[in-house]
Amino acid sequence: MPELPEVETVRRGLTPSLTGAEIVAVRLFRPDLRFAFPPRFAARLTGRRIVDVGRRGKFLLFALSDGVTWLAHLGMTGGFLLAAPPPPGRRGAPAAAHTHLELDLERPGGEPLVVSYTDARRFGFMELFADPARSRFLGALGPEPLGERFDAHWLARAAAHRRGPIKSLLMDQRVVAGLGNIYASEALFRARVAPRRRADALVTVSGAPRAALERLAAAIPEVLEEAIAAGGSTLRDFRASSGELGRFQHRFAVYGRAGEPCLRQACTGTVRRLVQAGRASFYCPVCQR
DNA sequence: AACACCCCCTGTCGGC
DNA sequence: TGCCGACAGGGGGTGT
């Protein structure tokens with residue numbers, strides 16, 4: 001499901017309802033997702049207020065009133081949904097299949113609210129930490145692609161001496177945080193760079209970004225911003241916390257379009273699919289070099 | 001250090 | 001209709 005634009009869509013959907021809300025009760029319906037829930041997970045959330053809903057790469061970060069941060073990764077099929085509380089008597093069981101966690105919240109005005117986490121494949125995971133430097137997951141994470149630290153020179157430093165394909169480099173969360181399989185393919189198309197191109201071939205001998213890498217560094221934030229504005233992409237089951245579907249899948253230039261014509265003006269190419277590191281890549285062999 | 005694999009898990013879809 | 005394999009937005013872990 002979720003790359004940076006989808007996670008950001010979830011974050012924006014949760015923010016107005018969750019910010020300032022108190023966690024009144026936590027119900028876990030199983031002991032683990034991808035990993036075990038943190039020790040005393042429910043107890044460590046209960047009674048705290050959520051003071052901020054943030055994001056880093058594909059991670060959601062809920063800042064709690066006691067200084068602890070609750071980190072959540074949605075894996076492939078994870079999602080948070082907001083709902084009104086069920087009528088009395090229907091409590092106790094999860095509201096839907098694959099719901100693994102429910103939080104009862106009380107908004108500042110006293111209004112009750114339920115937020116649930118669903119995840120069919122259970123590739124998602126959660127963590128609690130008081131100090132971000134101690135997070136198992138945040139430590140090696142690269143810069144935000146929509147932030148100041150990310151630019152062509154950063155990409156050039158990461159690409160130098162990497163002989164693997166540029167597509168794999170873009171998917172490496174230590175290089176840039178938040179790109180996944182869809183937006184890596186889409187950014188490469190916009191930059192007219194073939195996914196198989198060797199990463200180090202996009203850097204000059206003196207370590208400067210070549211023009212193709214400059215285009216890529218510009219295409220990445222561009223495609224991510226457009227996808228966020230469209231509420232993310234829904235392939236199968238992605239939904240915003242309101243239940244709304246994403247709309248950016250209608251604007252894919254290459255992802256999932258194997259065999260269809262290239263959409264670039266005057267290009268006669270046909271989109272191809274290829275497998276890299278076990279993941280499908282889509283590209284136009286005519287205009288991406 | 002970088003890279004190639006394998007794994008985790010469930011649902012869906014196409015082919016036979 | 002049913003079965004079976006391939007595939008799907010994720011990342012961690014291991015071995016070379």
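Numbers restart at 1 for each chain; the letters A, B, ... are given by sequence-line order, proteins then strands.
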**Request:** Take atom OH of A:Tyr117 and atom C1' of B:dC9, then tell me their distance rounded to the nearest Å.
**Result:** 12 Å
**Prompt:** Which nucleotide in the set C:dG10, C:dG9, B:dC9 lies at the smallest distance from any side-chain heavy atom of A:Phe238?
**Reply:** C:dG9
**Asked** For C:dG11, does OP1 or OP2 lie under 4.0 Å from any side-chain N or O of A:Lys58?
**Response** yes
**Prompt:** Does the side chain of A:His73 get closer than 4.0 angstrom to OP1 or OP2 of C:dG12 through an N or O atom?
**Reply:** no
**Message:** I want to check one thing: is the phosphate of C:dG13, taken as OP1 and OP2, less than 4.0 Å away from some side-chain N or O of A:Arg136?
**Reply:** yes
**Request:** Could you say whether the aromatic ring of A:Phe123 and the base of B:dC8 stack, counting only centre distances under 5.5 Å and plane angles under 30°?
**Result:** yes
**Request:** Indicate yes or no: does A:Arg12 engage A:Glu8 in a salt bridge with an N to O separation below 4.0 Å.
**Result:** yes
**Integer-rounded Å distance: C:dG11 P and A:Met126 CE** = 15 Å
**Item:** Aromatic ring proximity, centroids under 6.0 angstrom, A:Phe59 and A:His73
**Value:** yes
**Request:** Between A:Thr234 and A:Phe35, name the one whose nearest nucleotide on DNA chain C is closer to the 5' end.
**Result:** A:Thr234
**Item:** Nucleotide C:dG11, atom P - distance to CG of A:Asp119 in whole Å
**Value:** 13 Å
**Message:** Counting only side-chain nitrogens and oxygens, does A:Arg279 get under 4.0 Å of the OP1 or OP2 atom of C:dG9?
**Reply:** yes
**Asked** Using atom P of each nucleotide, how far apart are B:dC7 and C:dG5 to the nearest Å?
**Response** 15 Å
**Asked** Whole Å only: how far is the CE atom of A:Met76 from the P atom of B:dC7?
**Response** 16 Å
**Request:** Quote, to the nearest angstrom, the P distance that separates B:dC5 from C:dC7.
**Result:** 15 Å
**Message:** Can you measure A:Phe137 atom CZ to C:dG13 atom P for me and round it to whole angstrom units?
**Reply:** 8 Å
**Asked** Of all the choices, C:dG9, C:dA8, B:dA2, which nucleotide is nearest to the side chain of A:Arg273 once you look at every atom?
**Response** C:dA8
**Prompt:** When the distance from CG of A:Leu138 to P of C:dG12 is rounded to whole Å, what number comes out?
**Reply:** 11 Å
**Prompt:** Whole-Å distance between C:dG10 P and A:Gln276 CD?
**Reply:** 14 Å
**Item:** Selection from C:dG10, C:dG11, B:dC3 that lies nearest to any side-chain heavy atom of A:Asn181
**Value:** C:dG10
**Message:** One thing to verify: whether A:Asp237 and A:Arg239 come together as a salt bridge, which I'm taking to mean a side-chain N less than 4.0 angstrom from a carboxylate O.
**Reply:** no
**Asked** Is the A:Phe125 to A:Phe137 ring centre distance short of 6.0 Å?
**Response** yes
**Message:** Less than 6.0 angstrom separating the ring centers of A:Phe248 and A:Phe238, yes or no?
**Reply:** no
**Request:** Give one of base, sugar-phosphate or nothing for A:Tyr183, where a contact means two heavy atoms less than 4.0 Å apart.
**Result:** nothing
**Request:** Could you tell me whether A:Ala280 contacts a base, only the sugar-phosphate backbone, or nothing, with contacts defined as non-hydrogen atoms closer than 4.0 Å?
**Result:** sugar-phosphate
**Asked** Atom CG of A:Asp32 to atom C1' of B:dT10: distance rounded to whole Å?
**Response** 14 Å
**Prompt:** When you look at CZ of A:Arg55, are more than 12 heavy atoms from neighbouring residues, nucleotides or ligands closer to it than 6.0 Å?
**Reply:** yes
**Message:** Let's test this: given Watson-Crick or G-U wobble pairing with both distances under 3.5 Å, identify the partner of B:dC8.
**Reply:** C:dG10
**Message:** Pick the closest DNA chain B nucleotide for A:Arg236 and for A:Ala160 by heavy atoms, then say which residue is nearer the 5' end.
**Reply:** A:Ala160
**Request:** Find which nucleotide of DNA chain B each of A:Arg163 and A:Arg30 is nearest to by heavy atoms, and output the residue with the more 5' nucleotide.
**Result:** A:Arg163
**Request:** Scan A:Arg122 against the nucleic acid and name what it touches under 4.0 Å (heavy atoms): base, sugar-phosphate only, or nothing.
**Result:** sugar-phosphate
